[in-house]
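Just so we're on the same page: letters track the sequence lines, and every chain starts at 1.
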Amino acid sequence: MAKRTKIKDLLNSSDFGKQVSVMGWVRTFRNNQFIALNDGSTINNIQAVVDFNALDESLLKRITTGAAVSIQGEVVESLGKGQKIEIKVNKIEILGDSDAEKFPLQPKKHSLEFLREIAHLRFRTNTFNAVFKIRHALAFAVHKFFNDKGFVYMHTPIITASDAEGAGEMFRVSTFDPDHIPRNEDGSVNYKEDFFGKATNLTVSGQLEGELAAMAFGDIYTFGPTFRAENSNTTRHLAEFWMIEPEMAFYDLTDNMDLAEELLKYVIRYAIEHCADELEFLKNRLLEEDKQKPQAERSEFDLLTKLNFCLENDFERITYTEAISILRNSKPNQKKQFKYLIEGWGSDLQSEHERYLVEKHFKKPVILTDYPADIKSFYMRMNEPDAEGRTTVRAMDILFPGIGEIVGGSQREERLEKLEKRMTEMHIPAEEMSWYLDTRRFGSAPHAGFGLGFERLVLFVTGMTNIRDVIPFPRTPKNAEF
RNA sequence: UCCUAAGUAGCUCAGCUGGUUAGAGCAUCUGACUGUUAAUCAGAGGGUCCCUGGUUCGAGCCCAGGCUUGGGAGCCA
């Protein structure tokens, strides 16, 4: 087994006459002669040619779509037109049969909805081979980026006792028998008898713990799974997703934006440089899909042009107040085409507004900063009130075309009194958060950080449109298969 | 959670105004062919019409409820 040649290496070589051993899964078997073999090392197949006259008929019948085979043969120049190199088969062994009547993947296009139902087998398609190779490359690039900058990869807890992170509904973690939950005399649940002796949940963010580490290591990042029990049914939300959360001491909001923009450009460039075949395949797939759509819905640029455009241009940085002004004077607002018209300062932007700014007005990624304090989290640093007495916080959201919010971050409130005041106003129990407030009590320092939704990044780079297709086994409301 | 569209063969879909035995392409199987590239040609098999109930002489089609999926919104990353 150890001597097998990977198909990726074989296709890049031209060792005609060399005897090789390859193993993989049959994609198609045409004409009783031509096996298109894929071993996952590349999106491309190698063609293996068998002499059906020399082969036992019972063996021939076992060469079916999906079967795992081991082939030994000679590397030859292909006589056919579709490929330069192929293998003339000397010996073929079936490692694992695949019943052609039952194997659900056919050598033809399948809908993404159907493939989602067979997520355990969709890895064997070109599309998902490309998507998950790119996912891997992006994950690796994230680690490389931070490591090269001297950031420490910090593992924040997945099970948390804190329910004050304020990022959404949480999944309960408990070993209680649901039919016999211990209760106190007043009828409330007696968590003292639960596994951890208190109520615990799956984390919705590693940020608060990340801040603790940043106040010692300076620069840290987390990259791990995150859980939100929100009943969100969209193409951009998962109940279980992966998030990258850097946290940096001695960073202000501008430093924070600079880092986020540099990170995004770095990982996109990494994917372009390391996943050329996969991106080319996905680009062409999207072009094919676009042909089925009416002119108005087709994308302006192909996938690679879109990615390169993103690298070549600075993200547009504007404040919330400037954005409101642009939106208020925009055509769709004047002509009352927005579902939610922009009237005053203070309300949150709807996705139609974000899309207008990114896709119509600036036509590139946009960083929105300095949102009204009322619509943002307690830990964001308060600005001085403006001339009109309005208070904003040092928040920043990065909006991407087609994705919406891909990054959300802020400079953190490092001043203890201001933070405590804000927590009281927002009904956050300060007693339970004492460990967090200690960072402000002992050597507090300006710091900032952000959260990058990893699946949203993968969506953008692959050009896929549903987040369920960029994570191997998506968890969404009413769905936890496999 | 709300709005909206859909659910018919393994897949993608037709199915008329409610009317006999529910169709096509691809896939599969059988045979032919043998340098194919979504191979080709001939033939065959394959159905809980999402579920439950109702209306009707009669329901894939109409009605009610439910389930699931797609798209959009909200919440967010």
Side-chain angles (χ1 to χ4, degrees), chain A residues 27-36 44-45 47-53 60-61 64-66 76-83 86 88 98-118 121 126 165-169 204-207 223 225-245 260 288 292 297 338-340 348-355 375-377 397-400 403-409 450-460 465-471 476-479 481:
Chain A
R27 283 290 175 84
T28 63
F29 183 38
R30 277 187 295 271
N31 242 10
N32 263 356
Q33 286 180 93
F34 305 103
I35 301 170
N44 299 307
N45 304 324
Q47 175 157 283
V49 186
V50 298
D51 179 0
F52 57 88
N53 289 315
L60 208 57
K61 285 208 187 298
T64 55
T65 303
V76 294
E77 207 164 348
S78 179
L79 297 170
K81 280 176 189 159
Q83 57 285 315
E86 65 188 23
K88 198 175 155 194
S98 172
D99 185 339
E101 276 191 78
K102 289 177 184 152
F103 187 62
L105 292 172
Q106 302 161 15
K108 70 165 207 174
K109 268 232 165 85
H110 289 290
S111 67
L112 294 172
E113 292 82 9
F114 171 65
L115 292 172
R116 232 169 268 153
E117 289 172 23
I118 50 165
L121 295 171
N126 289 333
E165 288 162 19
E169 290 295 308
V204 292
S205 163
Q207 180 198 314
F223 187 172
T226 310
F227 308 87
R228 306 244 170 120
E230 301 286 352
N231 192 6
S232 295
N233 295 282
T234 77
T235 54
R236 300 179 303 282
H237 290 86
L238 292 164
E240 176 183 293
F241 65 101
W242 289 66
M243 190 154 62
I244 296 138
E245 294 182 288
E288 284 297 312
Q292 316 291 322
E297 286 173 33
F338 281 142
K339 197 176 164 200
Y340 300 91
D348 212 349
L349 299 180
Q350 306 295 316
S351 50
E352 59 180 344
H353 306 135
E354 295 181 349
R355 273 208 310 277
I375 58 172
K376 286 291 181 182
S377 303
D397 283 0
I398 302 185
L399 310 177
F400 261 36
I403 309 291
E405 187 179 341
I406 194 166
V407 164
F450 61 86
L452 165 62
F454 185 56
E455 282 76 18
R456 290 190 180 173
L457 172 68
V458 183
L459 265 185
F460 181 74
T465 51
N466 192 318
I467 203 162
R468 297 172 180 90
D469 295 327
V470 298
I471 187 165
T476 51
K478 301 279 181 282
N479 189 355
E481 291 300 307

**Student:** Side chain of A:Lys61 only, please: which of B:A77, B:G71, B:U30 is the nearest?
**Tutor:**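 The closest nucleotide is B:U30.
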
**Student:** Closest approach of A:Ser205 and A:Arg228, non-hydrogen atoms and distance?
**Tutor:**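 Heavy-atom minimum between the residues: CB-NH2, 4.5 Å.
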
**Student:** Measure CD/A:Gln350 against P/B:C76 and give the value in whole Å, please.
**Tutor:**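 Taking atom P of B:C76 as the reference, CD of A:Gln350 is at 10 Å.
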
**Student:** Heavy atoms only, 4.0 Å cut-off, all strands: where does A:Asn466 land among base, sugar-phosphate and nothing?
**Tutor:**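 Contact class for A:Asn466: sugar-phosphate only.
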
**Student:** Strictly distance-based, threshold 3.5 Å: is any side-chain N or O of A:Gln33 a donor or acceptor partner for the main-chain N or O of A:Val49?
**Tutor:**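 It does not hold such a pair.
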
**Student:** Across the strands shown, which category fits A:Ile406 at heavy-atom distances under 4.0 angstrom: base, sugar-phosphate, nothing?
**Tutor:**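 The answer is sugar-phosphate, as A:Ile406 gets under 4.0 Å only of primed atoms, P, OP1 or OP2.
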
**Student:** Report yes or no: is there a donor-acceptor pair, N or O only, under 3.5 Å between the side chain of A:Asn233 and the base of B:U1?
**Tutor:**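 Answer is yes: a donor-acceptor pair is held.
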
**Student:** Calculate the interatomic distance between A:Glu230 atom CD and B:U1 atom C1'; express it in whole Å.
**Tutor:**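 In whole Å, B:U1 C1' lies 11 Å from A:Glu230 CD.
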
**Student:** Using the P atom in both, what is the distance from B:C61 to B:G72, to the nearest Å?
**Tutor:**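 These two P atoms come out 30 Å apart once rounded.
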
**Student:** A:Asn231 side chain N/O closer than 4.0 Å to the phosphate oxygens (OP1, OP2) of B:U1?
**Tutor:**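 So the side-chain polar atoms of A:Asn231 do come within 4.0 Å of the phosphate oxygens OP1 or OP2 of B:U1, strictly under.
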
**Student:** Could you tell me the separation between the CG atom of A:Leu60 and the C1' atom of B:U30, rounded to a whole number of Å?
**Tutor:**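 Rounded to the whole Å, the gap is 15 Å.
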
**Student:** Remember a base hit wins even if backbone is also touched, and classify A:Arg27 as base, sugar-phosphate or nothing at under 4.0 Å, heavy atoms.
**Tutor:**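 Contact class for A:Arg27: none.
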
**Student:** Mind checking A:Gly451 for me? I need base, sugar-phosphate or nothing, with any heavy atom below 4.0 Å counting as a touch.
**Tutor:**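 Since only primed, P, OP1 and OP2 atoms lie under 4.0 Å of A:Gly451, the category is sugar-phosphate.
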
**Student:** For A:Glu169 and B:U1, what is the distance between atoms CD and P respectively, to the nearest whole Å?
**Tutor:**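 It works out to 13 Å between those atoms.
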
**Student:** Identify whether any heavy atom of A:His110 sits under 4.0 Å from a base atom; if not, whether one sits that close to sugar-phosphate; answer base, sugar-phosphate or nothing.
**Tutor:**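 The answer is sugar-phosphate, as A:His110 gets under 4.0 Å only of primed atoms, P, OP1 or OP2.
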
**Student:** For the side chain of A:Ser232 and the backbone of A:Thr234, is there at least one donor-acceptor N/O pair under 3.5 Å apart?
**Tutor:**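 The answer is no, because no donor-acceptor pair under 3.5 Å joins these two groups.
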
**Student:** Are the side chain of A:Ser78 and the backbone of A:Gly80 linked by a donor-acceptor contact shorter than 3.5 Å?
**Tutor:**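 Looks like yes, one N/O pair under 3.5 Å.
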
**Student:** Write down the distance between CG (A:Asn31) and C1' (B:C41), rounded to a whole number of angstrom.
**Tutor:**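 So the two atoms are 12 Å apart, to the nearest Å.
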
**Student:** Where is the tightest heavy-atom contact between A:Val50 and A:Ile35, given as atom of each residue plus distance?
**Tutor:**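 The pair with the smallest heavy-atom distance is CG1-CD1, 4.0 Å.
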
**Student:** Taking the minimum atom-to-atom distance to the side chain of A:Arg236, which one of B:U12, B:C75, B:G70 wins?
**Tutor:**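 Nearest listed nucleotide: B:C75.
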
**Student:** Which nucleotide, if any, forms a Watson-Crick or G-U wobble pair with B:A73, using both distances under 3.5 Å?
**Tutor:**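 The answer is B:U1, by the H-bond criterion.
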
**Student:** Kindly give the heavy-atom pair with the smallest separation between A:Leu238 and A:Thr476, and that separation in Å.
**Tutor:**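 For A:Leu238 and A:Thr476, the tightest heavy-atom pair comes out as CD2-CG2, 3.8 Å.
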
**Student:** Taking the nucleotide of RNA chain B with the closest heavy atom to each, which residue, A:Arg116 or A:Ser351, is nearer the 5' end?
**Tutor:**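 That would be A:Arg116.
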
**Student:** From C-beta outward on A:Glu86, which listed nucleotide comes closest to its side chain: B:U36, B:A73, B:A39?
**Tutor:**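 Nearest nucleotide to the side chain: B:U36.
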
**Student:** Compare side-chain N and O positions of A:Ser232 against OP1 and OP2 of B:U1 and report whether any pair is under 4.0 Å apart.
**Tutor:**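 Result: no.
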
**Student:** Could you say whether A:Gly408 or A:Thr64 is positioned toward the 5' end of RNA chain B, judged by the nucleotide with the nearest heavy atom to each?
**Tutor:**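 Counting from the 5' end, the first nearest nucleotide belongs to A:Thr64.
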
**Student:** What is the minimum heavy-atom distance between A:Gly409 and A:Asp397, and which atoms define it?
**Tutor:**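 Taking A:Gly409 first and A:Asp397 second, the nearest heavy atoms are N-OD1, 4.2 Å.
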
**Student:** Answer with yes or no whether A:Glu117 presents, from its side chain, a donor or acceptor under 3.5 Å of a partner atom in the base of B:U69.
**Tutor:**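 Check fails, no donor-acceptor contact within cut-off.
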
**Student:** Taking only the C1' atom of each, what is the distance from B:G7 to B:G15 in whole angstrom?
**Tutor:**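 Going atom to atom, C1' in each nucleotide, I get 15 Å.
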
**Student:** Using atom P of each nucleotide, how far apart are B:A27 and B:C63 to the nearest Å?
**Tutor:**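 To the nearest whole Å, 38 Å.
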
**Student:** In whole Å, measure the gap between the C1' atoms of B:C50 and B:G45 for me.
**Tutor:**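 25 Å, rounded to whole Å.
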
**Student:** For B:A59 and B:C49, measure between their C1' atoms and round to the nearest Å.
**Tutor:**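 So the two C1' atoms sit 11 Å from each other.
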
**Student:** For B:C13 versus B:U8, give the span between their P atoms, rounded off to a whole number of Å.
**Tutor:**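 So the two P atoms sit 9 Å from each other.
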
**Student:** Using centres under 5.5 Å plus planes under 30 degrees as the test, is A:Phe34 stacked with B:G35?
**Tutor:**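 No, aromatic ring not over the base.
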
**Student:** Hey, does the side chain of A:Ser111 come within less than 4.0 Å of B:U12's phosphate (OP1/OP2), counting only N and O?
**Tutor:**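 Indeed, a polar side-chain atom of A:Ser111 lies that close.
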
**Student:** Base, sugar-phosphate, or nothing for A:Gln33, non-hydrogen atoms under 4.0 angstrom?
**Tutor:**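 Base contact - A:Gln33 has a heavy atom under 4.0 Å of at least one base atom.
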
**Student:** CG of A:Leu452 to CZ of A:Phe223: how many Å apart, nearest 0.5 Å?
**Tutor:**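 The CZ atom of A:Phe223 is 8.0 Å from CG of A:Leu452, to the nearest 0.5 Å.
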
**Student:** Taking side chain as C-beta onward, heavy atoms only, is A:Asn45 less than 4.5 Å from A:Gln47?
**Tutor:**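 No, side chains not in contact.
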
**Student:** Both distances under 3.5 Å, Watson-Crick or G-U wobble: report the partner of B:C57, or none.
**Tutor:**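 By the stated definition (distances under 3.5 Å), B:G19 pairs with B:C57.
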
**Student:** Let's test this: given Watson-Crick or G-U wobble pairing with both distances under 3.5 Å, identify the partner of B:U36.
**Tutor:**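 Paired with no nucleotide.
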
**Student:** Locate the shortest heavy-atom distance separating A:Val458 from A:Val470; write the atom from each residue and the value.
**Tutor:**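 Scanning both residues completely, I find the closest heavy atoms to be CG1-CB, 3.6 Å.
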
**Student:** Is there a donor on the side chain of A:Thr234 or the base of B:G72 sitting less than 3.5 Å from an acceptor on the other?
**Tutor:**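 Under the 3.5 Å cut-off, the side chain and the base do not form any donor-acceptor pair.
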
**Student:** Suppose you measure atom C1' in B:G46 against the same atom in B:G23; what distance do you get, rounded to whole Å?
**Tutor:**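 Here B:G46 and B:G23 have their C1' atoms 13 Å from each other.
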
**Student:** Contact class for A:Leu238 vs. all strands (heavy atom < 4.0 Å): base, sugar-phosphate, or nothing?
**Tutor:**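 Base contact.
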
**Student:** Taking any strand in view, what nucleotide pairs with B:C26 in a Watson-Crick or G-U wobble way, both distances under 3.5 Å?
**Tutor:**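 Partner of B:C26: B:G10.
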
**Student:** I want to verify a distance call: between B:C76, B:G70, B:U36, whose nearest atom is closest to the A:Arg468 side chain?
**Tutor:**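 The listed nucleotide nearest to A:Arg468's side chain is B:G70.
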
**Student:** Name the closest nucleotide to the A:Lys81 side chain, picking from B:U37, B:A77, B:C75.
**Tutor:**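 Of the options given, the side chain of A:Lys81 lies nearest B:U37.
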
**Student:** Please give, in whole Å, the distance from B:A77 P to A:Phe227 CZ?
**Tutor:**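 Taking CZ of A:Phe227 and P of B:A77, I get 16 Å after rounding.
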
**Student:** Measure CG/A:Leu399 against P/B:C76 and give the value in whole Å, please.
**Tutor:**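 Taking atom P of B:C76 as the reference, CG of A:Leu399 is at 13 Å.
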
**Student:** Rounding to an integer number of angstrom, what distance separates B:C29 and B:G70 when you compare their P atoms?
**Tutor:**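 Approximately 31 Å lies between the P atom of B:C29 and that of B:G70.
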
**Student:** Nearest to the side chain of A:Lys478, heavy atoms from C-beta on, is which of B:U37, B:U68, B:A39?
**Tutor:**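 That would be B:U68.
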
**Student:** Using a heavy-atom cut-off of under 4.0 Å over every strand shown, decide if A:Glu455 touches base, sugar-phosphate, or nothing.
**Tutor:**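 Contact class for A:Glu455: none.
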
**Student:** Just by distance, do the side chain of A:Arg456 and the backbone of A:Arg236 share a donor-acceptor pair under 3.5 Å?
**Tutor:**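 Such a contact is found between A:Arg456 side chain and A:Arg236 backbone.
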
**Student:** What's A:Gln83 touching, base or sugar-phosphate or nothing? Going by heavy atoms closer than 4.0 Å.
**Tutor:**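 Base, at least one base heavy atom under 4.0 Å.
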
**Student:** May I have the distance from A:Phe460 (atom CZ) to B:A77 (atom P), rounded to whole angstrom?
**Tutor:**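 Going from CZ in A:Phe460 over to P in B:A77 covers 19 Å.
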
**Student:** Which of the following nucleotides, B:U37, B:A77, B:C75, is nearest to the side chain of A:Arg30?
**Tutor:**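 Looking only at side-chain atoms, A:Arg30 lies closest to B:U37.
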
**Student:** Provide a list of protein-nucleic acid N or O atom pairs under 3.5 angstrom, restricted to nucleotides 24-28 of chain B.
**Tutor:**
unit_1: B:A27; atom_1: O4'; unit_2: A:Gln106; atom_2: OE1; d: 3.4

**Student:** For A:Gln106, is there any backbone N or O sitting under 3.5 Å from a side-chain donor or acceptor partner on A:Thr65?
**Tutor:**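 Looks like no, no N/O pair under 3.5 Å.
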
**Student:** Mind checking who B:A64 pairs with, Watson-Crick or G-U wobble, both distances under 3.5 Å?
**Tutor:**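 Matched B:A64 with B:U52 under the 3.5 Å cut-off.
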
